[in-house]
Amino acid sequence: MKSSLPEKKWAGLRQRLGDWYRSARRNLPWRRTTDPYAITVSEFMLQQTQVVTVIPYYERWLKQFPTWDALAGAKEGAVIKAWEGLGYYRRARSLQALAKTVVEQGGELPRSEEGLLALPGIGPYTAAAVGSIALGLPLAVLDGNVMRVLTRVLAMNDDIARAPTRAKLQRIANAFLDKDDPSTHNQAVMELGATVCLPRNPMCLICPLKSGCIGKTRAEEFPVKSRTATEKRIETVAVLRHGSRYYCEQVPAGKPWHGLWRFPDFDPARMQKGEPIAKIRYSITKYAVIMEAVEAKWKRRAPVSSSVRYLTPVEMQELAFAAPHRKLIKFL
DNA sequence: AAGCCGGGGAC
DNA sequence: GTCCCAGGCTT
């Protein structure tokens, strides 16, 4: 296992990667702008989320919230609704908190890694991505794509779930970085990971780095990563209808989907079970969930509070629902 | 260091 | 159906 390569080898790979990227790069919406706000929006959305999923959200978001100011002044409900279905909703709140901070600080992002890292929702990856792409800072990104490319090039067996491995890979990414054009270089490594150096069935034969790649004959062995086992879970949610309205609740803080709307869990102590309506599968963190939706009636009076309401179809359209519950609406 | 937070695409 | 993916924050 190699821990790195001499600068001469990195220089050759860097050059081939850049040449490849200039001819093969995808024409993505956030590659047509130099607006730091728009680039920041794209990087928040791209955390844990694939390009094809992000594109329509990005386009709508920039129309609805075109500037830091617009986002800072928006209602939180509108922000969450615009994020509906994208997942990891904390990103949306962090992005709005970031917008408020930027506006307070004069409307511009800080031009240093340290300054970026101090902002809400910005960790090592986003600081390097926004810093290099929007501000031209010489910071090497280390995301899943980059880790996959680098562990394969070096045939590195270290477990990428471990912090020391991340630190080692960060040093290697720093050595690989093109300090003259960090923006293009970072995007090129990630583009390679997303389109050629794929998790499964990598296209090593057409890879611009194949001449220097130590792991290319057994690319699918990399990266090595330990993972926690998933658990199966079955849950039942209740569809309580009143005329054309449905009983829904807004998830409180501290629970998954907090702030979004959903159908309530079926509670046998308070509800009478009726006919089954649908089975919807979804996964959340380490759980693989089968969600069974059933018709139900209250045994006693329905509980009332500010976070539960009988919603009309129009209201259900306007409010942000957790994705599996949004799917359930289609069955009603 | 480990656990929490979603959703979709590939096979 | 099953597996895979992975950045930031909290504890």
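Residue numbering restarts at 1 for every chain, and letters A, B, ... go by the order of the sequence lines. Given the structure is predicted, the values throughout are model-derived calculations rather than measurements.
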Query raised in the report: Ignoring hydrogens and angles, are the base of B:dG9 and the side chain of A:Gln50 linked by a donor-acceptor pair under 3.5 Å?
Result: no

Query raised in the report: Among C:dG1, B:dG6, C:dC9, which is the nearest nucleotide to the side chain of A:Arg90?
Result: C:dC9

Requested in this report: For the pair A:Arg200 and A:Glu220, find out whether any cationic side-chain nitrogen is under 4.0 Å from an anionic carboxylate oxygen.
Outcome: no

Query raised in the report: Is any N or O donor-acceptor pair between the side chain of A:Thr53 and the base of B:dG8 shorter than 3.5 Å?
Result: no

Report summary line: Which of C:dC4, B:dG7, C:dA6 is nearest the side chain of A:Arg200? It is C:dC4

Query raised in the report: For B:dC11, does OP1 or OP2 lie under 4.0 Å from any side-chain N or O of A:Asn201?
Result: yes

Requested in this report: Kindly point out which of B:dG9, C:dA6, B:dG6 is positioned nearest to the side chain of A:Tyr89?
Outcome: B:dG6

Report task. When you get a sec, tell me which of C:dG7, B:dG7, C:dT2 is the closest nucleotide to the side chain of A:Lys232? Result -> C:dT2

Query raised in the report: Rounding to the closest angstrom, what is the interatomic distance between C:dC3 and B:dG6 at atom P?
Result: 23 Å

Report task. Over all heavy atoms of both residues, which pair between A:Val149 and A:Val189 is shortest? Give the atoms and the distance, please. Result -> CG2-O, 4.0 Å

Query raised in the report: Is any side-chain nitrogen or oxygen of A:Thr126 closer than 4.0 Å to OP1 or OP2 of C:dG8?
Result: yes

Query raised in the report: Is it true that the side chains of A:Asp159 and A:Ser226 contain a donor and an acceptor less than 3.5 Å apart?
Result: yes

